[in-house]
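Heavy atoms only: backbone and side chains are in, while hydrogens, waters and symmetry mates are out. Because the structure is predicted, anything quoted here is derived from the model rather than measured.
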Amino acid sequence: AIPDTLIDPNYNVFPAALQNQIQVGEGQFVGPYLGDLVNHFDDMAIVRGLNMESLSHAVGRRRFLTGRAPTGLLARGSSASTWLASRLGGSNVIANLSVGVETYNVDQPAYASGLRVSSSDDLLRALQPIAPHLSPDADSARDALLAHEAACLNTSAFVASSEYARERVYTVLDADIGSLFDFASGTEQMSALRNHYGIGGNGNTPKHRAALAGQALMSGVSRCVSVGIQGGLDTHGPEWANRQGPRQRDGFNAIAALADWLKEHEHPGTQTSWFDHTTIVAFSEFSRTPLINQNGGRDHHLCNSCLLIGGPVNGGTIVGASSDVGLMPMSIDPKTGLPDPGGEVLNPEHVLQSLMVDAGYLQDEPDFRCPPLATLMKG
């Protein structure tokens with residue numbers, strides 16, 4: 001009963017055609033708005049019962065990006081994507097690409113800093129050189145002057161960093177990679193991509209963002225890509241019943257389409273697919289309350305979950321748990337992923353630590369101060 005459990009699924013407000021798709025039971029992963037992700041359970045791990053320790057969008061988002069609780073609203077430390085890009089090296093044109101997602105670098109090499117754009121169209125504009133306004137001789141003289149200033153012993157860190165960033169811009173432009181992200185192109189390869197994702201050209205839908213991530217990874221442009229896959233989820237009224245679910249389904253379908261695209265293409269020289277060499281992590285700032293509010297919707301809830309999918313992920317795994325009363329985070333044994341009164345309450349940094357260990361960061365260099373989840377990754 002709701003007064004005893006403090007949980008109100010309220011599934012009866014869903015359209016009748018969807019209500020028979022709701023199944024609850026051990027080993028089942030079925031729901032009315034999971035979309036095509038229901039076909040990927042064997043590839044996927046779910047982490048439940050994450051304690052976000054905040055109901056603020058900014059705090060929850062930045063904690064999951066960096067693995068550290070912000071100071072007020074200010075992020076602390078570098079993004080996990082920055083750490084991973086640093087580990088993987090600076091040989092890629094854009095080591096760390098961030099589309100519609102915040103990115104931070106306070107202690108890692110400059111090449112690992114995220115290139116932040118707002119959309120695929122924005123990325124296209126960033127990759128297109130503007131017409132030169134100076135003669136070639138003037139260009140060369142300017143470049144030599146700026147390089148000399150940056151190399152001076154008494155130059156400021158800001159000047160040196162700015163010169164490095166300027167040189168990286170030239171590297172990106174010289175690579176001429178804009179065509180990889182022009183989804184309206186008439187090439188055979190781009191036509192196949194549009195057909196797979198169900199997109200008609202350039203745009204900023206969840207599937208456009210998923211396609212962008214796939215292109216960046218598979219072309220070798222980037223090793224770390226962050227995309228805001230779906231928005232419009234901060235609902236607090238009755239739209240929870242008819243908008244929240246479909247929007248989530250669009251995001252889940254985009255992730256599934258990316259996973260399928262990676263599976264269909266061979267990773268060069270390995271006789272395995274790109275999916276086998278890719279880890280996808282999907283998360284939000286927090287979850288929604290288990291009880292319906294007075295407006296017929298749901299509010300912010302500090303207990304959260306996330307999913308991981310890809311070759312290195314221990315698929316078919318559920319780690320962590322939330323309580324039967326109020327869906328609150330429960331203490332977990334990090335080695336087994338099962339409830340344990342003497343264990344730890346999971347935070348986002350447990351998930352990020354698992355990724356770091358899988359990538360070879362074995363000494364907790366990011367200073368997460370927590371163990372990895374032993375059953376989350378195959379390694």
Side-chain angles (χ1 to χ4, degrees), residues 45-88 96 98 101-109 112-114 224 226 279-287 300-308 312-314 317-323 328-379:
I46 307 295
V47 182
R48 302 178 55 209
L50 290 170
N51 187 0
M52 301 306 297
E53 299 181 357
S54 174
L55 299 179
S56 161
H57 288 285
V59 173
R61 179 170 60 253
R62 290 162 191 165
R63 179 158 192 167
F64 224 125
L65 290 172
T66 65
R68 297 183 181 184
T71 301
L73 296 180
L74 299 178
R76 294 173 57 234
S78 297
S79 300
S81 60
T82 303
W83 277 96
L84 292 169
S86 174
R87 178 79 182 186
L88 295 170
N96 182 7
S98 185
V101 179
E102 301 168 21
T103 180
Y104 302 97
N105 185 359
V106 299
D107 50 13
Q108 296 304 294
S113 296
C224 295
S226 304
T279 303
I280 302 171
V281 183
F283 66 89
S284 63
E285 300 97 321
F286 35 66
S287 188
H300 300 174
H301 186 50
L302 58 81
C303 187
N304 201 5
S305 61
C306 73
L307 68 87
L308 295 87
V313 175
N314 192 14
T317 301
I318 297 177
V319 176
S322 54
S323 65
M328 298 301 292
M330 297 180 66
S331 296
I332 302 298
D333 181 347
K335 294 182 179 179
T336 65
L338 299 175
D340 179 357
E344 300 189 19
V345 175
L346 301 185
N347 298 116
E349 47 266 39
H350 287 84
V351 178
L352 299 182
Q353 185 76 286
S354 304
L355 297 176
M356 296 297 170
V357 170
D358 186 68
Y361 281 111
L362 303 180
Q363 304 301 321
D364 192 22
E365 289 93 329
D367 195 30
F368 291 145
R369 305 183 186 186
C370 68
L373 302 175
T375 63
L376 193 56
M377 310 295 287
K378 293 177 181 176

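Inter-residue side-chain proximity for Thr279 and Met377 is flagged as met; some heavy-atom pair is nearer than 4.5 Å. Considering only heavy atoms from C-beta on, Leu308 comes within 4.5 Å of Leu355 through its side chain. Using a 4.5 Å heavy-atom cutoff, the side chains of Val47 and Leu307 are not in contact. When side chains are defined from C-beta on, Asp364 counts as touching Gln353, because their heavy atoms get closer than 4.5 Å. Within the 4.5 Å cutoff, no side-chain heavy atoms of Val319 are placed close to those of Asn314. Looking at heavy atoms from C-beta onward, Cys306 lies in side-chain contact with Val351 at the 4.5 angstrom threshold. Between Met356 and Leu84 there is a side-chain heavy-atom pair separated by less than 4.5 Å.
Across Asp358 and Pro312, no two heavy atoms sit closer than the pair OD2-CB, 3.9 Å. Taking each heavy atom of Pro329 and Val345 in turn, the nearest pair found is CB-CG1, 3.9 Å. Closest of all the heavy-atom pairs between Gly72 and Val59 is O-CG2, 3.5 Å. Taking all atoms of both residues into account, the shortest heavy-atom contact from Met52 to Phe64 is CE-CD1, 4.0 Å. Among all heavy-atom pairs drawn from Thr66 and Ala75, the shortest one is CG2-CB, 4.4 Å. Closest approach of Gln108 and Thr82 over heavy atoms only: CB-CG2, 3.8 Å.
Remark: side-chain polar atoms of Ser86 are not paired, donor with acceptor, to backbone N or O of Pro109 under 3.5 angstrom. Listed for the Ser78 side chain is a donor-acceptor partner under 3.5 Å among the backbone atoms of Val106. For the pair Ser79 (side chain) and Ser81 (backbone), a donor-acceptor distance under 3.5 Å is absent. At distances below 3.5 Å, not a single donor-acceptor pair connects side-chain atoms of Asn304 with backbone N or O atoms of Leu50. No donor-acceptor pair closer than 3.5 Å links the side chain of Thr71 to the backbone N or O of Leu74. Side-chain atoms of Arg87 do not come within 3.5 Å of backbone N or O of Tyr361 as any donor-acceptor pair. Within the 3.5 Å criterion, the main-chain N or O of Asn347 finds no donor-acceptor partner in the side chain of Asn51.
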Where do His57 and Phe286 land on the ring pair (Phe, Tyr, Trp, His ring centres under 6.0 Å) test, with the steps shown first? CA-CA 8 Å; His57 288 285; Phe286 35 66; 4.9 Å; yes

Go through it in stages, so that I can follow the logic: the residues are Asn105 and Asn96, the test is side-chain contact (heavy atoms from CB on, under 4.5 Å), and I'd like the CA-CA distance, side-chain angles, deciding distance and then a yes or no. CA-CA 11 Å; Asn105 185 359; Asn96 182 7; over 6 Å; no

side-chain contact (heavy atoms from CB on, under 4.5 Å) assessment of Leu376 paired with Thr317: CA-CA 7 Å; Leu376 193 56; Thr317 301; 5.6 Å; no

Donor-acceptor pairs under 3.5 angstrom involving side-chain atoms of residues 331-339: please list them, not counting sequence neighbours.
from: Asp333; atom 1: OD1; to: Lys335; atom 2: N; distance (Å): 2.9
from: Thr336; atom 1: OG1; to: Leu338; atom 2: N; distance (Å): 3.2

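When each of Pro371, Cys370, Pro372 is paired with Ser354, the side-chain contact (heavy atoms from CB on, under 4.5 Å) condition holds for Pro372 and for no other. Of the candidates Ser322, Ser305, Ser287, Arg48 forms a side chain to side chain donor-acceptor pair (under 3.5 Å) with just one, namely Ser322.
The side chain to side chain contact (heavy atoms under 4.5 Å, CB included) search around Glu102 returns Arg61, Arg62, Leu65, Tyr104, Arg116, not counting sequence neighbours.
A salt bridge is defined here as a Lys NZ or Arg NE, NH1 or NH2 lying under 4.0 Å from an Asp or Glu carboxylate O, and Arg63 with Glu285 fails to meet this definition.
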